[in-house]
**Student:** 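Here it is, the structure, as structure tokens.
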Amino acid sequence: MTYKKNIAIFASGNGSNAQAIIDACKQGIINATVAVVITDNANAFVIKRAEKENIYFQIFKPKTFVDKVAFEAEILKTLTKHNIEFIALAGYMRLVGTVLLQAFPKKMVNIHPSLLPKYKGLNAVQQALDNKDNELGVTIHYVDEGMDTGEIISQEKITIENIDEPLESIMAKVHNIEHELYVETLAKLFNN
Ligand code: GRF
């Protein structure tokens with residue numbers, strides 16, 4: 001339990017899951033250190049979080065690279081420089097390509113707000129509600145070349161009792177479960 005791996009978090013937006021992971025690492029709940037935050041969005045709130053936590057962050061703008069290979073090769077340089085051994089995607093709104101997948105085989109996980117394989121892609125909660133599902137959920141899975149398709153590691157169901165519950169309140173429940181499940185899952189992956 002003494003050796004702590006350096007992990008990188010990739011996020012494109014708010015970063016509430018990133019924050020949950022950072023907090024759990026600081027508290028020793030996850031035996032790892034969040035050493036780097038990577039974002040593809042210069043306006044992402046996750047940048048403010050990284051600044052506040054004194055965590056190294058870097059913004060990579062995809063449009064400034066000729067292609068995904070060049071984009072990811074540059075990210076990989078940063079990850080290598082900081083001895084990153086594992087990547088947690090947390091609201092990273094982009095498919096991961098071959099450069100990073102090959103560098104981190106089974107060392108990259110993602111969180112998705114549905115009971116995969118149901119409702120992959122964007123607006124997964126809304127997709128489930130549109131389909132009149134009252135059983136929502138959250139999944140943590142390994143990342144492969146597909147969108148939300150990799151091997152499932154853990155899942156948690158959220159049952160909505162009242163179909164008229166406002167979306168905001170449903171989303172708040174989903175986010176709470178996300179934070180708990182992500183921390184719990186990473187703790188299991190790192191603490192043995
Ligand atoms: C989460 O709902 C996550 O499941 C999805 O993107 C959202 C990111 O939220 N992949 P946040 O930026 O962590 O608050």
Side-chain angles (χ1 to χ4, degrees), residues 7-27 29-30 34 37-53 55 57 59-63 87-96 108-189:
I7 69 177
I9 297 178
F10 284 37
S12 305
N14 177 16
S16 69
N17 282 284
Q19 188 71 56
I21 296 168
I22 292 165
D23 292 345
C25 287
K26 286 197 328 194
Q27 291 159 15
I29 298 167
I30 300 170
V34 179
V37 168
I38 300 288
T39 187
D40 58 347
N41 173 10
N43 300 315
F45 188 68
V46 74
I47 295 170
K48 300 261 179 289
R49 297 182 188 272
E51 274 174 344
K52 189 161 177 244
E53 299 287 347
I55 295 173
F57 69 89
I59 305 161
F60 292 89
K61 294 184 185 160
K63 285 188 185 144
I87 299 172
L89 306 184
Y92 180 63
M93 304 302 283
R94 185 165 295 285
L95 277 179
V96 176
M108 193 184 329
V109 298
N110 181 41
I111 183 161
H112 184 72
S114 81
L115 293 172
L116 288 173
K118 282 172 113 177
Y119 311 123
K120 301 183 177 87
L122 286 178
N123 304 320
V125 175
Q126 192 61 55
Q127 289 184 53
L129 295 173
D130 289 347
N131 214 26
K132 306 257 178 287
D133 278 18
N134 71 336
E135 210 159 64
L136 308 178
V138 172
T139 303
I140 313 287
H141 63 91
Y142 286 109
V143 177
D144 65 10
E145 60 288 339
M147 189 185 293
D148 306 319
T149 51
E151 183 193 333
I152 292 171
I153 306 168
S154 58
Q155 266 185 334
E156 192 161 331
K157 282 184 190 156
I158 306 162
T159 306
I160 303 298
E161 308 288 353
N162 166 12
I163 53 156
D164 296 322
E165 184 170 342
L167 183 62
E168 258 176 38
S169 132
I170 293 176
M171 289 310 292
K173 280 184 190 162
V174 170
H175 282 305
N176 280 337
I177 299 291
E178 284 194 328
H179 304 160
E180 280 172 24
L181 188 68
Y182 218 165
V183 167
E184 204 178 282
T185 305
L186 290 176
K188 277 191 198 142
L189 287 177

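This chain uses plain numbering: 1 for the first residue, then up along the sequence. Keep in mind it's a predicted model, so treat the numbers as computed, not measured.
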**Student:** side-chain hydrogen bond (donor to acceptor under 3.5 Å, both in side chains) for S12 and N41? Distances and angles first, verdict last.
**Tutor:** CA-CA 6 Å; S12 305; N41 173 10; over 6 Å; no
**Student:** Give, for atom CD1 of I29 and atom CD of E184, the distance between the pair rounded to the nearest 0.5 Å.
**Tutor:**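 Result: 11.0 Å between the selected atoms.
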**Student:** Flag yes if more than 12 heavy atoms outside M147 fall under 6.0 Å of its CE atom; otherwise flag no.
**Tutor:**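 It does not: M147 CE has 12 such atoms or fewer within range.
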**Student:** Determine the sole option in I140, L115, T185, L181 for which the side-chain contact (heavy atoms from CB on, under 4.5 Å) test with E156 is passed.
**Tutor:**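 Only one of I140, L115, T185, L181 forms a side-chain contact (heavy atoms from CB on, under 4.5 Å) with E156, namely L181.
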**Student:** Using side chain to side chain contact (heavy atoms under 4.5 Å, CB included), reason through D23 and E53 one step at a time and then give a plain yes or no.
**Tutor:** CA-CA 9 Å; D23 292 345; E53 299 287 347; 4.1 Å; yes
**Student:** Any chance you could measure I55, atom CD1, to I22, atom CD1, to the nearest 0.5 Å?
**Tutor:**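 Reported value, rounded in 0.5 Å steps: 3.5 Å.
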**Student:** Any side-chain heavy-atom pair from L167 and Q126 closer than 4.5 angstrom?
**Tutor:**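 Answer yes - side chains close enough.
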**Student:** In Å and rounded to the nearest 0.5 Å, what is the CG to CD1 distance from L136 to I177?
**Tutor:**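 If we round to the nearest 0.5 Å, L136:CG and I177:CD1 are 10.5 Å apart.
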**Student:** Spell out, as yes or no, whether a donor-acceptor pair under 3.5 Å connects the side chain of R49 to the backbone of N14.
**Tutor:**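 Checking the backbone N and O of N14 against the side chain of R49, a donor-acceptor pair under 3.5 Å is found.
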**Student:** So do the side chains of D40 and K61 get within less than 4.5 Å of each other, counting heavy atoms only?
**Tutor:**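 D40 vs K61: side chains apart.
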**Student:** Show your working on side-chain hydrogen bond (donor to acceptor under 3.5 Å, both in side chains) between N131 and Q127 and close with a plain yes or no.
**Tutor:** CA-CA 6 Å; N131 214 26; Q127 289 184 53; over 6 Å; no
**Student:** Specify the closest pair of heavy atoms between V183 and I30, including all atoms of both residues, with the distance to one decimal.
**Tutor:**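 The pair with the smallest heavy-atom distance is O-CG1, 3.8 Å.
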**Student:** Kindly compute the distance separating SG (C25) from CD1 (I9), expressed to the nearest 0.5 Å.
**Tutor:**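 It comes to 7.0 Å.
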**Student:** Grab the two heavy atoms, one from V109 and one from I153, that are nearest each other, plus how far apart they are.
**Tutor:**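 Residues V109 and I153, closest heavy atoms: CG1-CD1, 3.5 Å.
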**Student:** Identify which one of N110, L89, V96 satisfies the side-chain contact (heavy atoms from CB on, under 4.5 Å) criterion when paired with F10.
**Tutor:**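 So the option named by the test is L89.
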**Student:** Please give me the minimum heavy-atom distance between A124 and H112, naming the atom from each residue.
**Tutor:**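 That would be CB-NE2, 3.4 Å.
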**Student:** Under the salt bridge (charged side-chain N to carboxylate O under 4.0 Å, His left out) rule, what pairs show up with a residue in residues 162-174, not counting sequence neighbours?
**Tutor:**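 Output for this query lists E165-K173.
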**Student:** Does some side-chain heavy atom of V143 sit less than 4.5 Å from a side-chain heavy atom of I87?
**Tutor:**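 No - every pair of side-chain heavy atoms lies 4.5 Å or more apart.
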**Student:** Compare every heavy atom of E145 with every heavy atom of L95, then report the nearest pair and how far apart it is.
**Tutor:**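 Closest approach of L95 to E145, heavy atoms only: CD2-O, 4.0 Å.
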**Student:** Report the residue from D148, D133, D130 that forms a side chain to side chain donor-acceptor pair (under 3.5 Å) with Y119.
**Tutor:**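 Among D148, D133, D130, the one meeting side chain to side chain donor-acceptor pair (under 3.5 Å) with Y119 is D133.
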**Student:** Output the distance between atom NE2 (H141) and atom NZ (K120), rounded to the nearest 0.5 Å.
**Tutor:**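 NZ of K120 is found 9.5 Å from NE2 of H141.
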**Student:** For residues F60 and P62, report the shortest heavy-atom separation together with the two atoms involved.
**Tutor:**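 Here F60 and P62 meet closest at O-CD, 3.3 Å.
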**Student:** Quick one: salt bridge (charged side-chain N to carboxylate O under 4.0 Å, His left out) pairs with a partner in residues 9-18, sequence neighbours left out?
**Tutor:**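 Pairs touching residues 9-18 that pass the test: none.
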**Student:** Taking all non-hydrogen atoms of both residues, which atom of A44 and which atom of T39 are closest, and how far apart?
**Tutor:**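 Heavy atoms of A44 and T39 come nearest at CB-OG1, 3.7 Å.
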**Student:** With rounding to the nearest 0.5 Å, note down the distance linking CD1 in I38 to CD1 in I47.
**Tutor:**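 Those atoms lie 11.0 Å apart.
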**Student:** Taking the side chain as C-beta and beyond, is there a heavy-atom pair between M93 and L122 under 4.5 Å?
**Tutor:**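 M93 vs L122: side chains touch.
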